[in-house]
Amino acid sequence: MGERARIDVVGIGAGDPGDVTVNAVAALRGADVFFFLDKPGEARELSDLREAVLAAHVPDGGYRVVRAEDPPRDRAAAGYADAVVDWRTRRADVCERMIAENLGPGEVGAFLVWGDPALYDSIIAVVEDVAGRGTVGFDTRVLPGISSISALAARHGVTFNQVAGAVQITTGRRLAAGWPDGVDDVVVMLDAGNAYLRYVDEPGLTIHWGAYVGTADEILVSGPLGAVAEHIRETRDKARAAKGWIMDSYLLRRT
């Protein structure tokens with residue numbers, strides 16, 4: 001029996017090639033093939049940024065890139081959880097084919113994940129799904145990355161928590177349903193509906209918002225929520241319209 005193949009799930013930071021960790025660079029240089037799930041339309045730029053990371057850290061090449069289109073998720077589905085499960089299953093179908101057809105015994109394949117693979121990203125679960133099917137054999141290794149929210153806090157020069165306080169990382173969907181109990185600091189990701197607007201009349205709230213953090217298109221806005229909320233909404237809408245996609249997050253702080 002030959003040597004087993006391996007899949008590396010590599011966190012590559014929020015977009016700045018300089019934020020890729022030393023361990024991640026070593027993993028990139030040791031990979032034989034990189035698997036890209038390309039977004040359609042303008043969001044293909046995300047794959048271009050991945051290529052820029054590879055060019056910065058593996059300048060001698062010597063690797064292969066295998067591409068497939070990322071299956072779309074039904075964002076209008078009535079059942080959110082069921083829609084996500086369906087999407088992940090279809091992603092696993094695509095990844096299974098990519099791995100089976102392009103990763104040989106003893107080779108290392110890698111998925112490059114924005115931010116940190118353990119934080120609101122599905123690739124770890126997708127790779128586990130593929131491995132559990134038993135059609136292709138490989139070991140798995142996960143390398144952490146600098147998350148988008150870590151980069152956000154650094155760009156704004158703030159901490160996530162106040163003295164002896166707790167912080168909760170949540171989604172826009174959950175924040176829209178109500179402020180989490182027991183915390184004054186909320187880090188929000190995946191907010192397509194501008195959930196912070198619900199709280200503009202609440203006194204003592206400050207927001208630190210950022211989009212495309214770590215890239216050349218980075219946008220940062222910070223200030224009292226009531227004073228900057230509409231500016232953030234307008235800025236976000238314009239940026240999304242101009243690029244066709246947006247990646248943003250924010251820290252909402254109650255003092």
Donor-acceptor pair between Arg91 and Ser122 side chains, under 3.5 angstrom: yes

Distance (rounded to the nearest 0.5 Å) between Cys95 SG and Ile123 CD1: 5.0 Å

Heavy-atom side-chain proximity of Val188 to Trp209 below 4.5 angstrom: no

Heavy-atom pair with the smallest gap, counting every atom of Met98 and Ala68: SD-CB, 3.7 Å

Residue pair Phe138 / Val130, side-chain heavy-atom distance below 4.5 Å: yes

Taking every non-hydrogen atom, the tightest pair across Thr215 and Ala14: CG2-O, 4.1 Å

Can you give each donor-acceptor pair under 3.5 Å made by side-chain atoms of residues 190-197, sequence neighbours left out, with the distance rounded to 0.1 Å?
residue, atom, partner, partner atom, Å
Asp191, OD1, Gly193, N, 3.2
Asp191, OD1, Asn194, N, 3.0
Asp191, OD1, Ala195, N, 3.1
Asp191, OD2, Ala195, N, 2.8
Asp191, OD2, Tyr250, OH, 2.6
Asn194, OD1, Tyr196, OH, 3.2
Tyr196, OH, Arg233, N, 3.3

Transitive ILVMFWY side-chain link Ile7 to Val142, under 4.5 Å: yes

OG on Ser222 to CG on Leu225, rounded to 0.5 Å: 11.0 Å

Smallest separation among heavy atoms of Phe160 and Ala153, with atom names: CE2-CB, 3.7 Å

Side chain to side chain contact (heavy atoms under 4.5 Å, CB included) between Val213 and Ser148, intermediate numbers included: CA-CA 7 Å; Val213 176; Ser148 61; 5.8 Å; no

Smallest separation among heavy atoms of Val126 and Ala92, with atom names: CG1-CA, 3.7 Å

Residues, nucleotides or ligands: over 12 heavy atoms within 6.0 Å of Asp201 CG: no

Spacing of Ser147 atom OG and Ile169 atom CD1 [to the nearest 0.5 Å]: 7.0 Å

Any Leu143 side-chain heavy atom under 4.5 Å of Arg141 side chain: yes

Nearest heavy atoms of Val186 and Thr170, plus distance in Å: CG1-CG2, 3.4 Å

Nearest heavy-atom neighbours spanning Ile124 and Pro117: CD1-O, 3.6 Å

No-hydrogen, no-angle side-chain donor-acceptor test under 3.5 Å, Trp114 and Asp121: no

Side-chain donor/acceptor of Asp16 to backbone N/O of Gly18, under 3.5 Å: yes

Exam field: side chain Thr235 to backbone His231, donor-acceptor pair closer than 3.5 Å: yes

Leu28 backbone acceptor or donor facing His57 side chain under 3.5 Å: no

Donor-acceptor under 3.5 Å (Arg50 side chain, Leu112 main chain): yes

Thr140 side chain reached by Arg6 side chain, heavy atoms, under 4.5 Å: no

Exceeds 12 heavy-atom contacts within 6.0 angstrom, atom CZ of Arg174: no

Gap between atom CG of Asp248 and atom CG of Leu152 - 0.5 Å precision: 9.5 Å

Where at least one partner belongs to residues 106-120, residue pairs that pass salt bridge (charged side-chain N to carboxylate O under 4.0 Å, His left out), sequence neighbours excluded: Arg64-Glu107

Residues Val10, Ile12; criterion side chain to side chain contact (heavy atoms under 4.5 Å, CB included); working and verdict: CA-CA 6 Å; Val10 186; Ile12 58 171; 4.2 Å; yes

Hydrophobic cluster membership, Val221 vs Tyr212, 4.5 Å side-chain cutoff: yes

Any donor-acceptor N or O pair under 3.5 Å, side chains Glu96, Thr135: yes

Side chains of Lys39 and Ser47 in contact at under 4.5 Å (non-hydrogen atoms): no

Sub-4.5 Å side-chain heavy-atom contact between Ile99 and Phe111: yes

Close side-chain approach of Leu49 and Glu51, heavy atoms under 4.5 Å: no

Check ion pair Asp129-Arg133 (N to O, under 4.0 angstrom): yes

Distance under 6.0 Å and angle within 45° of ring axis: Arg254 vs Trp179: yes

Criterion side chain to side chain contact (heavy atoms under 4.5 Å, CB included) against Val158, the qualifying member of Asp185, Leu251, Thr206: Leu251

Linked, directly or transitively: Ile246 and Leu175 (ILVMFWY side chains, under 4.5 Å): yes

same_hphob_cluster(Met189, Leu252) at 4.5 Å side-chain heavy-atom cutoff: no

Close side-chain approach of Pro224 and Leu205, heavy atoms under 4.5 Å: no

Pair Phe35-Val65, side chain to side chain contact (heavy atoms under 4.5 Å, CB included): steps then yes or no: CA-CA 6 Å; Phe35 299 111; Val65 174; over 6 Å; no

Between CZ on residue Arg88 and CG on residue Asp93, distance to nearest 0.5 Å: 14.5 Å

Pairwise distance CZ(Arg90) to CG(Asp70) - rounded to 0.5 angstrom: 9.0 Å

From CA spacing to verdict: side chain to side chain contact (heavy atoms under 4.5 Å, CB included), Asp217, Lys243: CA-CA 10 Å; Asp217 298 315; Lys243 291 179 69 67; 2.9 Å; yes

Side chains of Asp184 and Gln162, donor plus acceptor under 3.5 Å: no

Val66 reachable from Val9 in the ILVMFWY side-chain graph, under 4.5 Å edges: yes

